[in-house]
Amino acid sequence: MLTLKQLNKSYVPGKPVLVDIDLAIEARGITAIIGASGTGKSTLIRCVNRLVDPTSGQILFDGVDLARLSGRALRHARRHIGMVFQEYNLVERLSVMENLLCGRLGFVSPWRAWRRSFPSDDVRQAHELLEVVGLAGFARQRADALSGGQRQRVGIARAVMQKPKLLLADEPTSSLDPKTSVEIMELLAGVGRERGIPVLVNMHDVDLAKRFADRVVGMAGGRIVFDGPPDGLDDAELTRIYGGQGWLQ
Amino acid sequence: MTSPTSAPVLRQAPAGDGWQRFSPAQRLTRFLVYLAIVAAIVQSLRHVEVIPEFLYDAPEQMVDLVTRMWPVEWAAYGEHVHAPLVETLHIASLGTLLAIVLALPVGVLAAHNLVPSTPLNLFAKLILVSSRSVNSLVWALLFVGIFGPGALAGTLAIAFRSIGFVGKLVGEALEEAQPGPIEALKASGAPWVSVLAFGYWPQVKPAFWSIALFRWDINVRESAVLGLVGAGGIGMALDSALNLFQWDRVALILAAILAIVIAAELVVTQVRKRVI
Amino acid sequence: MTASDAAARGGGRDPSLAPSPWSRAIALALVAYVIYASAQMELSWDRFLVGLDNAQRFFGRLFPPNFERAELLWKGLKESLEIAVLASTLGILLALPVGLFAARNLMPPWVTWPARLVIVLARSFHPVIVAILFVKAVGFGALAGILALTVASIGFIGKLLTEAIEEISDKQVEAIRATGAPFTSVLAFGVVPQVFGRFIGFATYQLDSNLRNSTMVGIVGAGGIGGTLFAAFQRFDYDFVCAILIAIIALIMAGEILATAVRAIFIDNATLRDLFRRGALRRVRHAEDD
């Protein structure tokens with residue numbers, strides 16, 4: 001499905017953020033990337049859909065190297081990768097419905113997009129998704145009128161609107177309270193399972209990762225230092241990922 | 001544009017509340033505005049007097065203009081341009097200072113939290129609105145009528161046009177001042193003037209200086225044209241050069257105006273960066 | 001400011017309470033400047049008093065306003081209105097691409113640089129001066145006025161639009177980009193919603209400003225009521241001048257009301273506040289402050 005080969009990224013020459021990342025994601029299940037802040041989790045996820053350009057290496061998605069694409073080809077590849085953001089990144093002054101339909105922009109001609117004339121299938125799908133994420137009846141609300149949890153639900157629905165082959169989630173719960181975080185992760189996991197979409201999510205909360213992930217990838221200093229099932233995360237591994245010991249008690 | 005018929009596909013959407021961007025009433029209002037705009041444009045296009053011969057002639061005239069302007073008569077700067085240019089700067093600066101002096105009391109009068117009397121507030125606002133609705137060129141005409149041609153008329157024109165601008169913004173800044181420190185001062189029994197000096201002034205000071213600088217920048221541009229109606233400054237030199245068809249001198253004057261306008265903008269951005 | 005008596009006497013006051021030497025120096029410099037500049041321009045109290053004497057006579061001749069030549073007045077006003085409408089339309093249409101191209105967060109440097117140059121050039125001269133040049137190029141009449149105000153509109157709207165676009169939230173644009181949307185769709189869903197309210201704000205403001213200036217460009221022969229006004233003034237027809245001024249002010253006030261209405265229609269309450277949120281200069285009184 002997705003294979004990263006020898007991926008390197010440095011924003012400033014000589015200060016690498018990602019070092020020789022090799023990672024393969026299967027076509028199913030939730031993969032959680034954990035690690036302390038600043039270890040490159042976010043950069044890694046953003047490299048996948050090229051919101052960040054890697055310095056070197058390959059991003060093989062469905063057999064195509066995304067690292068080499070640009071322009072229209074890159075856009076077409078992005079259409080199949082949905083993304084959920086830490087701060088939701090909704091267009092605040094658009095309605096919930098318009099935000100959902102943003103997920104279809106890659107498939108609809110700009111002319112129709114300007115006129116807000118989307119295919120009725122898309123609108124129907126959007127209404128269904130609003131029900132799935134528990135926001136039925138919110139279609140006309142403006143995005144800036146929603147709470148954090150509600151916004152992230154819209155963010156997930158927008159990503160799913162793309163009918164993606166892969167869902168990326170960049171710290172989707174870091175701006176939310178613990179209860180809402182669990183609800184959002186349940187939603188994300190549920191959507192992935194029901195629609196058969198693999199989810200690649202990064203988070204710093206170990207408990208959430210253990211609870212929801214099928215596979216955990218631990219990162220430290222821009223490298224992968226752990227890769228395995230959540231059961232394999234014992235104190236020794238966590239110390240390798242996060243360093244120090246005091247926080248474990 | 002979102003006319004009522006432009007989204008047929010959306011209307012077929014099921015699920016009860018099929019989605020549309022605006023409610024029918026909103027769409028009707030917007031449609032009416034668009035209609036009015038189009039009507040105004042069509043009406044204007046049909047009635048405005050444009051003489052086609054002049055239009056065909058335009059490129060030729062432009063070339064002629066450029067050849068007459070070049071070479072620029074740089075030599076005339078010392079004798080004919082420097083003094084009026086400096087006068088323009090004086091008109092702008094003195095006019096701004098005078099406007100500030102006159103506008104502060106009016107601005108205070110317009111702030112409801114400082115002067116809790118609605119008739120007085122409205123009176124102050126009337127002064128401010130009249131000052132703003134009259135163009136500085138019109139103010140200049142009036143003052144030329146009263147004081148005769150010259151820099152005095154220009155300075156007063158700049159001042160009177162600026163009172164409305166400065167007074168309105170100062171009044172608004174005063175009304176937005178945090179009530180906390182002011183209540184504390186009042187609670188300590190401070191007289192009204194002290195409340196003004198220690199409660200309000202520190203809060204509106206940055207806004208005040210930025211308003212004054214901004215207006216000075218505008219006034220430098222405006223004072224350059226006042227001379228066209230006889231109110232002193234570089235505009236008068238421009239007017240006589242135009243009347244004598246001395247296009248090379250016109251070019252010099254335009255370059256001089258451009259220079260002080262850019263210089264004023266640089267001064268304002270620098271001061272703003274360092275002080276405010 | 002408190003840079004005054006006590007400070008000048010020196011001593012007797014705790015240094016922590018003394019005004020900073022800077023504010024004292026600035027106050028002194030300003031006073032010195034006022035005296036110097038007034039002397040330079042030969043402004044004197046006597047002249048002012050003589051003028052006040054004139055003022056009485058001047059205002060005596062200004063009133064009552066003379067509306068006898070209503071037809072001439074109406075023709076000039078109509079032409080001013082036409083100039084304002086056409087210049088605003090043309091100016092806004094041209095300012096949209098210029099403003100977009102000048103936005104450094106969306107466009108590469110080789111596009112922003114020329115667009116920025118256009119904006120700076122368009123803004124550097126007062127519309128009346130630009131009108132002088134167009135009168136030479138296309139002759140006396142409304143066309144010169146239309147072109148001059150179009151240039152002014154491109155400069156003003158272009159500059160503000162560029163600033164508005166450069167201040168939008170990148171995150172919202174990034175999210176749309178991540179869906180694989182083509183550039184124009186990114187504009188429609190990621191950029192336009194973020195700048196639309198402010199755009200309506202300054203477009204209506206520009207219409208207002210064009211209306212004011214369209215009554216003035218006539219002074220240099222570029223059409224509209226300004227020519228009539230200046231001619232009447234030079235013939236000392238002060239009662240007609242007064243009538244023209246009243247008509248101009250009425251026109252401008254009507255324009256202001258219209259602009260407010262358009263703003264209210266296109267910007268709902270929540271964004272009206274955003275419109276004035278930037279900086280102290282554009283503050284508006286919030287309803288809840290009263």
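Below, chains carry the letters A, B, ... as their sequence lines are ordered, and counting in each starts from 1.
One finds the CD atom of A/Gln86 at 7.0 Å from the NZ atom of C/Lys171 (value rounded to the nearest 0.5 Å).
Residue C/Phe140 places its CZ atom among 12 or fewer non-hydrogen atoms of other residues, nucleotides or ligands, all under 6.0 Å distant.
The side-chain hydrogen bond (donor to acceptor under 3.5 Å, both in side chains) contacts involving residues 124-138 of chain C comprise B/Gln61-C/Lys136, B/Asp64-C/Lys136, where partners must be two or more places apart or lie in separate chains.
With chain C as partner, the option from A/Gly155, A/Gly82, A/Ala113 having the largest number of non-hydrogen pairs under 4.5 angstrom is A/Ala113.
With a 4.5 Å cut-off on side-chain heavy atoms, C/Phe189 and A/Arg116 count as touching. Using a 4.5 Å heavy-atom cutoff, the side chains of C/Glu174 and A/Phe85 are in contact.
Annotation: ring-ring contact (aromatic ring centres under 6.0 Å, His included) contacts of C/Phe156 (sequence neighbours excluded): C/Tyr205.
Interface remark: A/Arg104 contributes no atoms to any contact with chain C (heavy atom separation under 4.5 Å). Using a 4.5 Å cut-off between heavy atoms, A/Glu92 contacts chain C through both its backbone and its side chain. Of the atoms belonging to A/Leu90, it is backbone heavy atoms, and not side-chain ones, that fall under 4.5 Å from chain C.
Chain A is approached within less than 4.5 Å, heavy atom to heavy atom, by C/Ile176, C/Arg177, C/Ala178, C/Thr179, C/Gly180, C/Ala181, C/Pro182, C/Thr184 from residues 176-184 of chain C, ordered by number. Residues from residues 57-81 of chain A that place a non-hydrogen atom less than 4.5 Å from a non-hydrogen atom of chain C comprise A/Arg75, A/Arg78, A/Arg79, A/Ile81, given in numerical order.
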